[in-house]
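Worksheet: one structure, shown below.
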Amino acid sequence: MLTNAIYPFVAVVGQEQLKKALQIALVNQKAGGLLIGGEKGTAKSTLVRAAKEIIGAQKIVDLPLNATEDMLFGSIDIEYAVSKGERRFSPGILSRATGNILYIDEANLLRQELLTAVLDANASGINQVERDGISFTHSVSYTVIGTMNPEEGVLPGHILDRFGMYVDSQSEKDVVIRTEIIRRSLACGSDIQSFRNSYFDETEKLAAKIALARSIVEEIEVSEAMMQLAAQMCAQAFCAGHRAEIYLLEAAKAIAALAERKYVLPKDVEEAAMFVLPHRMRKPPEQQLEDPEQQEEEQSDENEQQDQDENEDNDEDSEESPLAPPPLDDNEDDGDEEDNSDDDENQDDDKEKEEQSPDNDKNQLAPEEQIADIDKNFKLPKMVLDLGKDRNVRRGSGKRSTTKTDLKQGRYVRAEMPKIKVEDLAFDATIRAAAPFQRLREDNGCA
């Protein structure tokens, strides 16, 4: 019933780049896997889970966000330790993912140290476990496919570099395509089995194409010219390290295999660059290593120019609005008493306006009395600030919370040997540590 509920891969409308990147990752494991980013509702998870029907005997192994070290890398076999009193290794998720697809949904929300360890183990091909009194090493080999929504946070550059390819899924803007998406979604919801049957032939054809590409990808030769082209592209993109060249050629080999060719063409390298280089491209070195003092000088010059412009504006305002009204003539002073009374009333009104709007006094200053902001041109010394860790105790918890809390709830992160009085016990770690000694305890009804 679970297989019948999968939306067909070929039935997804649009997202052609995402489909091609997934096919490359499925054909050639050496391409370094795939990270899919994009906004919500763009069929990221749907396409990855739908790939189950086109990968043959391979499986898609999910890596949950709440996975712990023992679940992921393996730990002691508790049942065997209790019954035999001996320590034996129990494989984890990485062992089950060997030879299959390891899918990490919302990879940006997984603990970064775990994500880095998963990618490093796949790159080295070895998973070495040193925990719970056991030492075990076994080989691993899997294709990592992750999805992420940048609105919930992004991954740092050193983790992005470990993914061979990256593709950004965008929502369709064309009304015709959006209408077709609605039509197929409603048809799938009304009768999913008949909907899947209508795309059965296309699915089988794509599965055969991927199987053929997998069988010939190792036979594809890469010429010296294609190596130079890949190196030139990565150099022009200012990529750090040399992972980019290797993943670029491996992705190009997968593209050639999908085209049923045993040689790589320049167009294969150019197409592979669309998936391998975007998350590795950097600015030119002269822009990255710009002198900080030069930046400060440029900023100070801009501030000085801004101050000059402000002063000129103030000067123009002062010229347009004189400081005092012109003096009255003597003849006007000899006028009627009514005129004098009117002048007295006008003077009283002016005094009231001046008292109500004290800002006018500031604007009536002479040009030579303008106030300058002396702190704008002050150069601060270079300082290294250590903000430290967030040690605030907050009320509440959640899977995205990484701060301390005085509540004994939330996601289980890790266990460690106690150094002070135990207040919060990790039951699974305690049982694993005590299991091998179970046979040595007296059978008094408490063991």
Side-chain angles (χ1 to χ4, degrees), residues 7 9-52 54-55 60 63 101-110 115 118-119 122 142-157 159-174 177 181 206 209-210 213 217 230 233-234 237 239 243-259 267-282:
Y7 194 91
F9 186 92
V10 295
V12 176
V13 182
Q15 303 295 350
E16 298 302 327
Q17 279 197 340
L18 177 52
K19 292 179 182 178
K20 190 60 178 289
L22 273 172
Q23 294 177 38
I24 295 172
L26 297 177
V27 168
N28 191 359
Q29 180 181 325
K30 295 180 181 179
L34 173 65
L35 179 62
I36 306 170
E39 54 190 6
K40 53 185 178 295
T42 52
K44 300 187 297 293
S45 301
T46 301
L47 278 171
V48 176
R49 299 191 185 281
K52 182 178 181 180
I54 60 176
I55 57 177
I60 296 180
L63 175 57
I101 310 297
L102 182 63
Y103 175 47
I104 310 175
D105 192 13
E106 303 293 346
N108 53 328
L109 300 182
L110 184 67
L115 182 58
V118 169
L119 297 172
N122 188 35
Y142 42 82
T143 300
V144 180
I145 297 179
T147 59
M148 60 175 285
N149 185 355
E151 295 178 355
E152 298 177 341
V154 296
L155 293 172
I159 295 182
L160 289 175
D161 186 61
R162 287 175 167 82
F163 283 94
M165 298 180 292
Y166 176 85
V167 64
D168 192 14
S169 61
Q170 300 288 341
S171 59
E172 299 293 342
K173 302 297 187 295
D174 188 79
I177 298 178
I181 293 174
L206 181 59
K209 179 181 179 181
I210 292 179
V217 68
M233 285 184 174
C234 297
C239 298
R243 285 196 183 104
E245 289 92 337
I246 298 174
Y247 289 147
L248 182 58
L249 291 176
E250 293 294 343
K253 288 169 61 177
I255 295 174
L258 288 169
K267 65 178 183 180
D268 300 331
V269 181
E270 293 175 359
E271 185 177 0
M274 297 172 59
F275 308 118
V276 177
L277 298 184
H279 59 298
R280 293 185 169 87
M281 295 178 64
R282 302 190 303 168

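Position 1 is the first residue of the sequence, and the numbers go up from there. Bear in mind that the values here come from a model prediction, so they are computed numbers and not experimental data.
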Task: Close side-chain approach of Met148 and Leu35, heavy atoms under 4.5 Å - done: yes
Open item on the list: So does Val154 get a backbone contact from the side chain of Asn108, meaning a donor-acceptor N/O pair under 3.5 Å?
Closed with: no
Task: Atom of Cys234, atom of Leu277 and distance for their closest heavy-atom approach - done: SG-CD2, 3.9 Å
Task: Minimum heavy-atom distance Leu26-Ala51, with the two atoms named - done: CD1-CB, 4.0 Å
Open item on the list: With a 3.5 Å distance limit and no angle check, can you tell me whether Arg282 reaches the backbone of Ala237 through a side-chain donor-acceptor pair?
Closed with: no
Task: Any donor-acceptor N/O pair, His279 side chain to Phe163 backbone, under 3.5 Å - done: yes
Task: For the student: nearest non-hydrogen atoms of Glu172 and Ile181, plus distance - done: CG-CD1, 4.2 Å
TODO: Would you please name every residue forming a side-chain hydrogen bond (donor to acceptor under 3.5 Å, both in side chains) with Glu39, sequence neighbours left out?
DONE: Ser171
TODO: Identify the two heavy atoms, one from Ser169 and one from Lys44, that lie closest to each other, and give their separation to 0.1 Å.
DONE: OG-CG, 3.3 Å
Task: Tyr166 vs Leu34 side-chain heavy atoms within contact, under 4.5 Å - done: no
- [ ] Could I get the full list of salt bridge (Lys or Arg N to Asp or Glu O under 4.0 Å) partners for Glu271, not counting sequence neighbours?
- [x] Lys20
- [ ] Would you name the heavy atoms of Gln29 and Tyr142 that are closest together and state the gap between them?
- [x] NE2-N, 3.2 Å
- [ ] Report yes if the side chains of Ile104 and Leu110 come closer than 4.5 Å at any heavy-atom pair, otherwise no.
- [x] yes
Open item on the list: Between Thr46 and Tyr7 (side chain of the first, backbone of the second, donor and acceptor by atom type, cut-off under 3.5 Å), is there such a pair?
Closed with: no
Task: Validation row: Leu102, Ile145 side chains within 4.5 angstrom (heavy atoms) - done: no
Task: Any donor-acceptor N/O pair, Asp174 side chain to Ile177 backbone, under 3.5 Å - done: yes
Task: Candidate pair Gln170 and Thr42, rule side-chain contact (heavy atoms from CB on, under 4.5 Å), full reasoning - done: CA-CA 6 Å; Gln170 300 288 341; Thr42 52; over 6 Å; no
TODO: Could you tell me whether the side chain of Arg162 and the main chain of Leu115 form a donor-acceptor pair under 3.5 Å?
DONE: no
Task: Salt-bridge present (Lys253, Glu250; N to O < 4.0 Å) - done: yes
- [ ] Can you see which heavy atom on Ala244 is nearest to which on Arg280, and at what distance?
- [x] CB-CD, 3.7 Å
Open item on the list: Before you tell me yes or no, could you show the steps for Ile55 and Ile60 under side-chain contact (heavy atoms from CB on, under 4.5 Å), namely the whole-Å CA-CA distance, both residues' side-chain angles and the distance that decides it to 0.1 Å?
Closed with: CA-CA 9 Å; Ile55 57 177; Ile60 296 180; 4.0 Å; yes
- [ ] Could you tell me whether the side chain of Thr147 reaches within less than 4.5 Å of the side chain of Tyr103, counting heavy atoms only?
- [x] yes
Task: Check against side-chain contact (heavy atoms from CB on, under 4.5 Å), Lys19 and Phe9 - done: CA-CA 9 Å; Lys19 292 179 182 178; Phe9 186 92; 4.1 Å; yes
Task: Heavy-atom side-chain proximity of Leu18 to Val12 below 4.5 angstrom - done: no
- [ ] Check whether any side-chain heavy atom of Leu206 sits under 4.5 Å from a side-chain heavy atom of Gln23, and report yes or no.
- [x] yes
TODO: Kindly indicate whether the side chain of Met233, heavy atoms from C-beta on, has any atom under 4.5 Å from the side chain of Val269.
DONE: yes
TODO: Evaluate whether atom NZ of Lys40 has more than 12 neighbouring non-hydrogen atoms of other residues, nucleotides or ligands under 6.0 angstrom away.
DONE: no
- [ ] Measure the CD1-CE distance between Ile36 and Met165 for me, rounded to the nearest 0.5 Å.
- [x] 9.5 Å
